[in-house]
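Beneath this line is the structure, given in structure tokens, with notes to follow.
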2 protein chains.
Amino acid sequence: MENITEMLKGVLEGCVLEIISRGETYGYEITQHLRDLGFTDVVEGTVYTITIRLEKNNLVNIEKKKSTVGPPRKFYTLTEAGREQLDLFWEKWGFVTNKLEELKTKEMKRR
Amino acid sequence: MENITEMLKGVLEGCVLEIISRGETYGYEITQHLRDLGFTDVVEGTVYTITIRLEKNNLVNIEKKKSTVGPPRKFYTLTEAGREQLDLFWEKWGFVTNKLEELKTKEMKRR
DNA sequence: ACTGGTATATAGTATTACAGAGTAGATGCA
DNA sequence: TGCATCTACTCTGTAATACTATATACCAGT
């Protein structure tokens with residue numbers, strides 16, 4: 001899908017939180033997951049800025065581990081605040097999708 | 001709903017297109033519609049920047065009409081390109097919502 | 001030594017919604 | 001007349017975010 005960049009704003013961070021919540025993972029792997037999901041144009045730099053942001057906001061714990069196939073990986077897990085943020089994300093997402101569905105299907109109130 | 005600003009990026013423009021597609025309307029009224037929909041924090045300035053953008057991209061036609069209750073209104077209707085853009089918007093939106101739903105509900109492929 | 005895959009890091013840019021304020025027309029009321 | 005109150009468009013600046021492009025580094029196989 002082309003040019004969904006703007007639509008991903010405020011969404012990608014939630015996706016990353018969700019992916020981390022499924023189990024300890026690291027930046028490069030998160031990127032792969034997102035690409036597998038269908039967001040094929042997401043690049044490592046984007047995910048990196050997101051993980052840095054999560055880190056700054058204390059939404060993730062970090063553990064550095066060696067890899068046998070490359071440089072060391074920074075593994076992330078959610079903090080309690082991260083889990084709350086994730087819940088909040090899905091709540092907001094539900095709200096927005098409801099409203100959009102409503103807009104798409106319902107008659108418009110004429111004023 | 002609080003702080004959904006970022007999530008609205010790339011979405012609001014589509015909403016405005018959809019609203020215009022339902023019939024000739026103007027900036028102030030579009031703002032009211034969005035607020036009625038539930039996006040209560042949307043302000044006129046935001047809608048203004050969107051309509052200006054639509055105008056620049058030739059997605060809307062403009063007709064100025066006098067009002068009996070205030071200054072003249074700028075009425076918008078979709079151009080052919082605008083209608084195409086709207087279709088594209090819903091297509092993108094469908095794609096993103098599908099992917100998010102998938103992420104939310106499905107098991108994660110472990111690599 | 002070279003190449004390719006893995007992996008983190010960073011500077012700069014474009015897009016977009018929002019905050020906040022201004023301008024202006026019409027109406028109603030004191 | 002003067003003032004407040006809607007209505008309605010306009011404008012400037014700012015913050016947040018994803019992307020581009022690049023750099024750095026580690027390891028394995030040839």
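First the proteins, then the strands, lettered A, B, ... as listed; each starts at 1.
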task = From the options Ile50(A), Leu12(A), Val16(A), select the one residue that forms a side chain to side chain contact (heavy atoms under 4.5 Å, CB included) with Val42(A).
result = Leu12(A)
message = Regarding Glu24(B) and Lys65(B), does a basic nitrogen lie under 4.0 Å from an acidic carboxylate oxygen?
response = yes
task = Check the pair Arg73(A), Glu63(A) against salt bridge (Lys or Arg N to Asp or Glu O under 4.0 Å), reporting the backbone distance first and the verdict last.
result = CA-CA 8 Å; Arg73(A) 301 162 170 170; Glu63(A) 199 183 344; over 6 Å; no
query = Which is true for Thr31(A) with a 4.0 Å heavy-atom rule: it touches a base, it touches only sugar-phosphate, or it touches nothing?
reply = nothing
query = Rounded to whole angstrom units, what separation is found between the CD atom of Gln32(B) and the P atom of dC9(D)?
reply = 10 Å
query = Would you call Lys9(B) and Glu6(B) a salt bridge, using N to O less than 4.0 angstrom?
reply = yes
inquiry  = OP1 or OP2 of dA8(D) versus the side-chain N and O atoms of Ser67(B): is any pair under 4.0 Å?
reply    = yes
Heavy-atom closest pair, residues Lys74(A) and Ile62(A) = CE-CG2, 3.9 Å
task = Figure out the NZ/P separation between Lys66(A) and dC27(D), and round it to whole Å.
result = 9 Å
key: Contact state string [nucleotides 10-22 of chain D, B base, S sugar-phosphate only, - no protein heavy atom under 4.0 Å]   = BB----BBSBB--
task = Using a strict cut-off of less than 4.0 Å between a Lys/Arg side-chain nitrogen and an Asp/Glu carboxylate oxygen, indicate whether Arg53(B) and Glu13(B) qualify as a salt bridge.
result = yes
inquiry  = In terms of relative ring orientation, are Trp93(A) and Trp93(B) parallel, tilted or perpendicular, with 30° and 60° separating the classes?
reply    = tilted
Phosphate OP1/OP2 of dT6(C): any Tyr28(A) side-chain N/O under 4.0 Å = yes
query = How does DNA chain D read in dot-bracket, base by base from 5' to 3', with Watson-Crick or G-U pairs under 3.5 Å and | used when the partner is on another strand?
reply = ||||||||||||||||||||||||||||||
task = Calculate the interatomic distance between Met7(B) atom CE and dT15(C) atom P; express it in whole Å.
result = 23 Å
ask   = Starting at NZ of Lys56(A) and ending at P of dA9(C), how long is that distance when rounded to a whole Å?
value = 12 Å
task = Taking only the side-chain nitrogens and oxygens of Tyr26(B), find out if one of them lies under 4.0 Å from OP1 or OP2 of dA8(D).
result = yes
Polar side-chain atom of Thr40(A) near backbone of Arg35(A) as donor-acceptor pair, under 3.5 Å = no
query = To the nearest angstrom, how far is Ile62(A) atom CD1 from dT8(C) atom C1'?
reply = 12 Å
ask   = So how far is it from Leu8(A) CG to Phe39(A) CZ, rounded to the nearest 0.5 Å?
value = 5.5 Å
